[in-house]
Colleague: 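Below is one structure. I have some questions about it.
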Amino acid sequence: MTQRKGEKTTISIQEHMAIDVCPGPIQPIKQISDYFPRYPRGLPPTVPPALSRAGSLRSPTARHKSGDDTAHADDNPDRAFGGAAAPSTATTGKKEEEPDVEGYDSDDSTTLGTLDFSLLYDQENNALHCTINKAKGLKPMDHNGLSDPYVKLHLLPGASKANKLRTKTLRNTLNPVWSETLTYYGITDEDMVRKTLRISVCDEDKFRHNEFIGETRIPLKKLKPNQTKNFYNCLEKQLPIDKTDDKSLEERGRIMISLKYSSQKSGLVVGIVRCAHLAAMDANGFSDPYVKTYLKPDENKKSKHKTAVKKKTLNPEFNEEFFYEIKYADLSKKTLEVTVWDYDIGKSNDFIGGVSLGISANGERLKHWFDCLKNKDKKIERWHTLTNELPGTTFND
């Protein structure tokens, strides 16, 4: 930079060496001199960075004021930094609106984006429909300043691969439009009271682990049956899942079972209708499921029934019924155990999950059994959650 002879230097080399490098966001400025704060003599060397941005920097003429002005400036740092600055009350108000520069965290001050979606609980069909519409202003995750976003869903507590749903991936965009509906089947009224839907937006990477962008969580009790509710939520940082509060067993899918006591045949008719969201047990991401039923206690070990095997699916439909000849009065002493297995050739079959219905059960399982006892000759269908184990039971295929 050339300088004319006799022209007064406005920025000294000391000011160049005193650049305040701050990790905070760059604010729009009108003067280049704002980049080079002038620290008045007499102030302590460690001046909070926030103060250096509080008002306009002191003009050169302000240095030639009287000693009384300097004394007042020492008492008031805002005034010391800007002779032409606004009044202290206005400066204070502006500081409250600005982020805390010293405690600045790029993730805190950078928006993660917003997500537009809707939820509908179909009570009659026990289904939760989640329509993912679009996202806006997502945080860039790739080197090109864009992302490859997709959305995945989990039900809490009891999150597992079995209850994970996900959308397709859209490439190179920060404003993706999915317009995709994902459906959870087998959702009961009990689930709607105690479950929370976790919706996460992630960036897909072909050669590395997928990266988390942000999430939002919706307690299902906020939804009214058969009424669509729209959401437009800001994404948040990943929240920890407190496993100590989750006393439930790991969920391995859902199964629809029908029960009917036939007075004409004097026996219990058990129907295995279908399963949904089963845990994948094979390397191809699927299972080859079949269902077994037992009516216990079974002294003669003759109560075992088994469905056909459904190949390469996590949502099999069986529509098979089994008959147990039993007196109505004895049903109150029995327990129906239903287990789902993955069929494997040449090795032992894998246990996927199970559920017990009977007088010793609780929740929806107990209610289903009682409804069967109270309503003879009426088929009653219910969805039940499969867990990775049943109390006091050891499984061997």
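What you see is a predicted model; the values in this text were computed from it and never measured.
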Colleague: Treating Asn226 as the side-chain partner and Asp122 as the backbone partner, does any N or O pair qualify as donor plus acceptor under 3.5 Å?
Modeller: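 Checked: no pair found.
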Colleague: Grab the two heavy atoms, one from Ala361 and one from Ser356, that are nearest each other, plus how far apart they are.
Modeller: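 Scanning both residues, the minimum pair turns out to be CB-O, 3.7 Å.
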Colleague: Take Leu138 and Leu235 through the test side chain to side chain contact (heavy atoms under 4.5 Å, CB included) and record every step on the way to the result.
Modeller: CA-CA 9 Å; Leu138 294 180; Leu235 297 176; 3.7 Å; yes
Colleague: Quick check: do Leu331 and Trp369 have side-chain heavy atoms less than 4.5 Å from each other?
Modeller: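 A side-chain contact under 4.5 Å exists here.
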Colleague: I'd like to know if the side chain of Tyr184 and the backbone of Leu153 have a donor-acceptor N/O pair within less than 3.5 Å.
Modeller: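 Side chain of Tyr184 to backbone of Leu153: a pair is present.
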Colleague: Mind checking whether Cys234 and Thr114 have side chains closer than 4.5 Å, heavy atoms only?
Modeller: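 Side-chain contact under 4.5 Å: yes.
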Colleague: Checking the side chain of Asp282 only, and the main-chain atoms of Asn284 only, is there a donor and an acceptor separated by less than 3.5 Å?
Modeller: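 No, Asp282 side chain to Asn284 backbone: no donor-acceptor pair under 3.5 Å.
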Colleague: Which value, rounded to the nearest 0.5 Å, describes the distance between Tyr294 atom OH and His305 atom NE2?
Modeller: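 Nearest 0.5 Å value for the OH-NE2 distance: 11.0 Å.
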Colleague: Ion pair present between Lys367 and Asp189, side-chain N to carboxylate O less than 4.0 angstrom?
Modeller: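 Salt bridge between Lys367 and Asp189, a charged N being under 4.0 Å from a carboxylate O: no.
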Colleague: Scan for salt bridge (Lys or Arg N to Asp or Glu O under 4.0 Å) pairs involving residues 165-187, sequence neighbours excluded, and state none if there are none.
Modeller: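 Listed once each, the pairs are Asp148-Arg171, Arg166-Glu204, Arg171-Glu204.
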Colleague: Are Leu373 and Leu336 linked, directly or through intermediate hydrophobic residues, by side-chain heavy-atom contacts shorter than 4.5 Å (ILVMFWY only)?
Modeller: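 Same cluster.
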Colleague: Is a side-chain N or O of His277 found less than 3.5 angstrom from the main chain of Tyr185, in a donor-acceptor match?
Modeller: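 Yes; at least one donor-acceptor contact below 3.5 Å.
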Colleague: If you take all heavy atoms of Leu314 and Ala279, which pair is closest and at what distance?
Modeller: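 Result for this residue pair: CD2-O, 3.9 Å.
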Colleague: Would a hydrophobic clustering, with Ile, Leu, Val, Met, Phe, Trp and Tyr connected at side-chain separations under 4.5 Å, put Ile199 with Leu165?
Modeller: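 As far as the 4.5 Å side-chain criterion goes, Leu165 and Ile199 are connected within one cluster.
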Colleague: For Ala276 and Asn315, which heavy atoms make the closest approach, and how far apart are they?
Modeller: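 In terms of heavy atoms, the two residues are closest at CA-OD1, 3.3 Å.
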Colleague: Any side-chain heavy atom of Thr293 sitting closer than 4.5 Å to one from Ile257?
Modeller: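 Answer no - side chains too far apart.
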Colleague: Could you go through the side chain to side chain contact (heavy atoms under 4.5 Å, CB included) check for Cys130 and Leu197 one step at a time?
Modeller: CA-CA 10 Å; Cys130 313; Leu197 179 66; 3.9 Å; yes
Colleague: Establish, from distance only, whether the side-chain atoms of Asn210 and Tyr150 form a donor-acceptor pair under 3.5 Å.
Modeller: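 Note: Asn210 and Tyr150 side chains meet the donor-acceptor criterion.
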Colleague: Please round to the nearest 0.5 Å and tell me the distance separating atom NZ of Lys164 and atom CG of Leu182.
Modeller: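 Here the interatomic distance stands at 12.0 Å.
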Colleague: I want to check a possible cation-pi pair here: Lys292 against Tyr290, using under 6.0 Å from ring centre and within 45° of the ring axis as the test.
Modeller: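 No cation-pi geometry.
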Colleague: Assess whether side chain to side chain contact (heavy atoms under 4.5 Å, CB included) is satisfied between Gln238 and Glu215, documenting all intermediate values.
Modeller: CA-CA 6 Å; Gln238 191 168 15; Glu215 71 170 38; 4.1 Å; yes
Colleague: Side chains of Ser262 and Lys376: does their closest heavy-atom pair fall under 4.5 Å?
Modeller: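 Contact flag for Ser262/Lys376 side chains = no.
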Colleague: Ignoring hydrogens, what is the shortest heavy-atom contact between Cys202 and Ile213? Give both atom names and the distance.
Modeller: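 Result for this residue pair: C-CD1, 3.9 Å.
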Colleague: Parallel, tilted or perpendicular, judged at 30° and 60°: which one describes the rings of Phe351 and Trp341?
Modeller: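 Plane angle over 60°, so perpendicular.
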Colleague: Considering non-hydrogen atoms only, spot the tightest contact between Asp342 and Asp288 and give its length.
Modeller: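 Looking at all heavy atoms of both residues, the closest pair is OD1-N, 2.6 Å.
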Colleague: Any side-chain heavy atom of Asp205 within less than 4.5 Å of one from Asp203?
Modeller: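 In short, these two side chains touch, coming nearer than 4.5 Å.
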Colleague: Specify the closest pair of heavy atoms between Asp191 and Leu220, including all atoms of both residues, with the distance to one decimal.
Modeller: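 Closest heavy-atom pair between Asp191 and Leu220: O-CD1, 4.1 Å.
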Colleague: Would you please test Leu357 and Arg365 for side chain to side chain contact (heavy atoms under 4.5 Å, CB included) and show each step?
Modeller: CA-CA 5 Å; Leu357 308 178; Arg365 298 169 295 282; 3.5 Å; yes
Colleague: Counting distance only, does the side-chain N/O of Thr167 pair as donor-acceptor with the main-chain N or O of Val151 below 3.5 Å?
Modeller: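 Between the backbone of Val151 and the side chain of Thr167 there is a qualifying donor-acceptor contact (under 3.5 Å).
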Colleague: In Å, rounded to the nearest 0.5 Å, how long is the span from CD of Glu321 to CG of Leu259?
Modeller: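 Spacing of CD (Glu321) from CG (Leu259) equals 10.5 Å.
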Colleague: Would a hydrophobic clustering, with Ile, Leu, Val, Met, Phe, Trp and Tyr connected at side-chain separations under 4.5 Å, put Leu278 with Met256?
Modeller: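 Shared cluster, no.
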Colleague: Does any part of the side chain of Tyr343, heavy atoms only, come nearer than 4.5 Å to the side chain of Met281, both counted from C-beta?
Modeller: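 No, every pair of side-chain atoms sits at 4.5 Å or beyond.
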Colleague: Is Thr131 close to Thr228 at the side-chain level, that is, under 4.5 Å between some pair of heavy atoms?
Modeller: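 Side chain of Thr228 against side chain of Thr131, heavy atoms only: no contact under 4.5 Å found.
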Colleague: Once you round to the nearest 0.5 Å, how far does CD1 of Ile272 lie from NZ of Lys306?
Modeller: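 Interatomic distance, Ile272 CD1 to Lys306 NZ, rounded to 0.5 Å: 14.0 Å.
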Colleague: Between Asp116 (side chain only) and Ala135 (backbone N and O only), is there a donor and an acceptor less than 3.5 Å apart?
Modeller: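 No, Asp116 side chain to Ala135 backbone: no donor-acceptor pair under 3.5 Å.
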Colleague: Using modelled atom types only, decide if a donor and an acceptor are shared between the side chain of Ser147 and the backbone of Lys139 within a distance under 3.5 Å.
Modeller: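 Confirmed, Ser147 side chain pairs with Lys139 backbone.
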Colleague: Has the side chain of Lys334 got a donor or acceptor atom that lies under 3.5 Å from a matching backbone atom of Pro297?
Modeller: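 The answer is yes, because a donor-acceptor pair under 3.5 Å joins these two groups.
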Colleague: Distance from Glu325 atom CD to Lys265 atom NZ, nearest 0.5 Å?
Modeller: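 It is 11.0 Å, given to the nearest 0.5 Å.
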Colleague: Report yes or no: do Phe323 and Val338 belong to one cluster of Ile/Leu/Val/Met/Phe/Trp/Tyr joined by side chain heavy-atom distances under 4.5 Å?
Modeller: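 Different hydrophobic clusters.
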Colleague: Does Arg382 reach the side chain of Asn126, with side-chain heavy atoms less than 4.5 Å apart?
Modeller: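 No; the side chains remain at least 4.5 Å from each other.
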Colleague: Tell me whether Tyr261 contacts the main-chain N or O of Tyr328 through its side chain, where contact means a donor paired with an acceptor under 3.5 Å.
Modeller: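 Side chain of Tyr261 to backbone of Tyr328: a pair is present.
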Colleague: Side chain of Asp371, backbone of His368: donor and acceptor closer than 3.5 Å?
Modeller: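 No, Asp371 side chain to His368 backbone: no donor-acceptor pair under 3.5 Å.
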Colleague: Check for me, please, whether Phe322 and Leu268 land in the same ILVMFWY cluster - side-chain distances under 4.5 Å, paths through other members count.
Modeller: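 Same cluster.
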Colleague: What's the spacing between Glu211 CD and Met141 CE if we round to 0.5 Å?
Modeller: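 Going from the CD atom of Glu211 to the CE atom of Met141 covers 4.0 Å.
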